[in-house]
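Remarks on the structure that follows.
Heads up: numbering here begins at 1 and tracks the sequence.
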Amino acid sequence: MIKLTFCLRRLPHLSREQFQTYWRESHAPLVAKHAKTLGVLRYVQLHTGHDALNTGIAGSRGAPEEYDGVAELWFESEDAMAANTSEAAAAAGRELLEDEKKFIDLANSPLWFGDEHVIVG
């Protein structure tokens, strides 16, 4: 199993609420629509909230500004992803990217593939 983690920052003209509503109500169904084509086994959105708690914990650590959310996508394997070279997968990827440009500050939203190591739970 391989996981893509995407730390999202909203475009400057959007409020956090506008960003999260679009992400949940417009972009999420698009991901769901293309999940099988792209080999997405699981997709989770983590929406930033709990501002008082965030301020306290960030202040105690000198942490930078939080993200507006984090997306997590699970895939079978790197090999399975590399083997998925269909035109349908390429078209789905392009459609998702074009939609992301509507609400995500892509240049300031890091993403990476990694392996999950469960420590508790």
Shared hydrophobic cluster, Phe19 / Leu46 (ILVMFWY, side-chain heavy atoms < 4.5 Å): no
Pro110 and Cys7, any side-chain heavy atoms less than 4.5 Å apart: yes
Please enumerate all residues that pass salt bridge (Lys or Arg N to Asp or Glu O under 4.0 Å) together with Asp99, with sequence neighbours excluded. Lys102
State which residues pass ring-ring contact (aromatic ring centres under 6.0 Å, His included) with His27; sequence neighbours excluded, sorted by chain then number. Phe103
Any chance you could pull the hydrophobic cluster mates of Tyr67, using side-chain heavy atoms under 4.5 angstrom and chaining through other members? none
Nearest atoms (heavy-atom pairs only) where Asn84 meets Ala89: OD1-CB, 3.3 Å
side-chain hydrogen bond (donor to acceptor under 3.5 Å, both in side chains): pairs with one or both residues in residues 73-82, sequence neighbours excluded: none
Below 4.5 Å, heavy atoms only, C-beta onward: do Phe75 and Val40 meet side chain to side chain? yes
Taking distance alone, no hydrogens or angles, what donor-acceptor pairs closer than 3.5 Å link side-chain atoms of residues 112-121 to residues at least two apart or in another chain?
from: Glu116; atom 1: OE2; to: Lys3; atom 2: NZ; distance (Å): 2.7

For the CG atom of Leu96 and the NZ atom of Lys101, what is their distance to the nearest 0.5 Å? 12.0 Å
Quick one: does Val70's side chain get under 4.5 Å of Thr5's, heavy atoms only? yes
Starting from Ile2, can I reach Val44 by hopping between I/L/V/M/F/W/Y residues whose side chains sit under 4.5 Å apart? no
Asn108: partners by side-chain contact (heavy atoms from CB on, under 4.5 Å), with sequence neighbours left out: Arg9, Asp105
Does any pair with a residue in residues 24-35 pass salt bridge (Lys or Arg N to Asp or Glu O under 4.0 Å), and if so which ones, sequence neighbours excluded? Lys33-Glu95
Check whether Phe6 and Leu41 end up in the same hydrophobic cluster, where Ile, Leu, Val, Met, Phe, Trp and Tyr are linked by side-chain heavy atoms less than 4.5 Å apart. no
What side-chain hydrogen bond (donor to acceptor under 3.5 Å, both in side chains) pairs are there with at least one residue in residues 35-44, not counting sequence neighbours? Trp23-Tyr43, Tyr43-Gln45
Nearest 0.5 Å, what's the CG-CD distance between Leu30 and Glu100? 9.0 Å
By side chain to side chain donor-acceptor pair (under 3.5 Å), Ser15 pairs with (sequence neighbours left out) Gln18
Residue pair Leu97, Leu106: steps toward the side-chain contact (heavy atoms from CB on, under 4.5 Å) verdict: CA-CA 10 Å; Leu97 177 58; Leu106 294 170; 3.8 Å; yes
Listed partners of Glu87 passing side-chain contact (heavy atoms from CB on, under 4.5 Å), at least two apart: Ala90, Ala91, Arg94
Nearest 0.5 angstrom please: Leu11 CG to Ile104 CD1, how far? 8.0 Å
For Glu17, check side chain to side chain donor-acceptor pair (under 3.5 Å) against everything at least two apart and list the hits. none
Does anything in residues 61-70 pair up under salt bridge (Lys or Arg N to Asp or Glu O under 4.0 Å), and if so which pairs, sequence neighbours excluded? Arg10-Asp68, Arg16-Glu66
